[in-house]
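Numbers here are sequence positions counted from 1.
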Amino acid sequence: MSEDENMEEYPTEIHDYLTAFEKSLGSVDEMLKTMMSVSRSELLQKLDPLEQAKLDLVSVYTLNSMFWIYLATQGINPKEHPVKQELERIRTYMNKVKEITDKKKASKLDKGAASRFVKNALWEPNAENEHTSKTPAKGKKQQ
């Protein structure tokens, strides 16, 4: 069978999707080869615990997602398979790790600097300018 005969068997939109899917599989294959080229223990030694957790979660999520796709190609509804609960569980942990990362990125309040800032920003009257303010009110002339 030639490619032209195959094209007539299904709509061109499906061909476009299949071509995109084939490119995606190639990308996944390249990433897996890259990940497999370095030993896991060597990779984990270079990462801090939070980064290790992220790597583990992404790995297990990817593996379960690929199994989801496999089930779909076999005609099994993955929504009714235990893999769905596993993906939800992994997503829960991914959200927890994201919260921890966001907390680390959040700016910390330096109480000493904040109190100095507020103290210097407040105007304190003294004997020289007790009767006049530093900034005149709008519409009034300063005397």
Of all heavy-atom pairs between [X] and [Y], which one has the smallest distance, and what is that distance?
{"X": "Lys84", "Y": "Lys79", "value": "CD-O, 3.4 Å"}
{"X": "Pro78", "Y": "Val83", "value": "O-CG1, 4.0 Å"}
{"X": "Leu50", "Y": "Val97", "value": "CD1-CG1, 3.8 Å"}

Lys103/Glu99 salt bridge by N-O under 4.0 Å criterion | no
I need the [X] [atom1] to [Y] [atom2] distance, nearest 0.5 Å.
{"X": "Gln52", "Y": "Gln45", "atom1": "CD", "atom2": "CD", "result": "9.5 Å"}
{"X": "Lys54", "Y": "Lys98", "atom1": "NZ", "atom2": "NZ", "result": "10.0 Å"}
{"X": "Ser37", "Y": "Leu43", "atom1": "OG", "atom2": "CG", "result": "9.5 Å"}
{"X": "Thr101", "Y": "Lys96", "atom1": "OG1", "atom2": "NZ", "result": "14.0 Å"}
{"X": "Met94", "Y": "Arg91", "atom1": "CE", "atom2": "CZ", "result": "9.0 Å"}
{"X": "Met66", "Y": "Leu25", "atom1": "CE", "atom2": "CG", "result": "7.5 Å"}

Apply side chain to side chain contact (heavy atoms under 4.5 Å, CB included) to the pair Asp56 and Arg40, showing each step before the final yes or no.
-> CA-CA 10 Å; Asp56 288 341; Arg40 181 167 166 73; 2.4 Å; yes
For atom CD of Glu22, is the number of surrounding heavy atoms from other residues, nucleotides or ligands below 6.0 Å larger than 12?
->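 No.
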Among the clusters formed by ILVMFWY side chains lying less than 4.5 Å apart, do [X] and [Y] turn up in the same one?
{"X": "Tyr70", "Y": "Trp68", "result": "yes"}
{"X": "Tyr93", "Y": "Ile90", "result": "yes"}
{"X": "Val58", "Y": "Phe67", "result": "yes"}
{"X": "Leu63", "Y": "Leu57", "result": "no"}

Just by distance, do the side chain of Asn64 and the backbone of Val60 share a donor-acceptor pair under 3.5 Å?
->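 Checking the backbone N and O of Val60 against the side chain of Asn64, a donor-acceptor pair under 3.5 Å is found.
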Are Ser27 and Glu30 side-chain neighbours, meaning at least one heavy-atom pair lies under 4.5 Å?
->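 No, every pair of side-chain atoms sits at 4.5 Å or beyond.
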Are Glu80 and Asn77 close enough that some pair of their side-chain heavy atoms sits under 4.5 Å apart?
->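 The answer is yes; the side chains approach within 4.5 Å.
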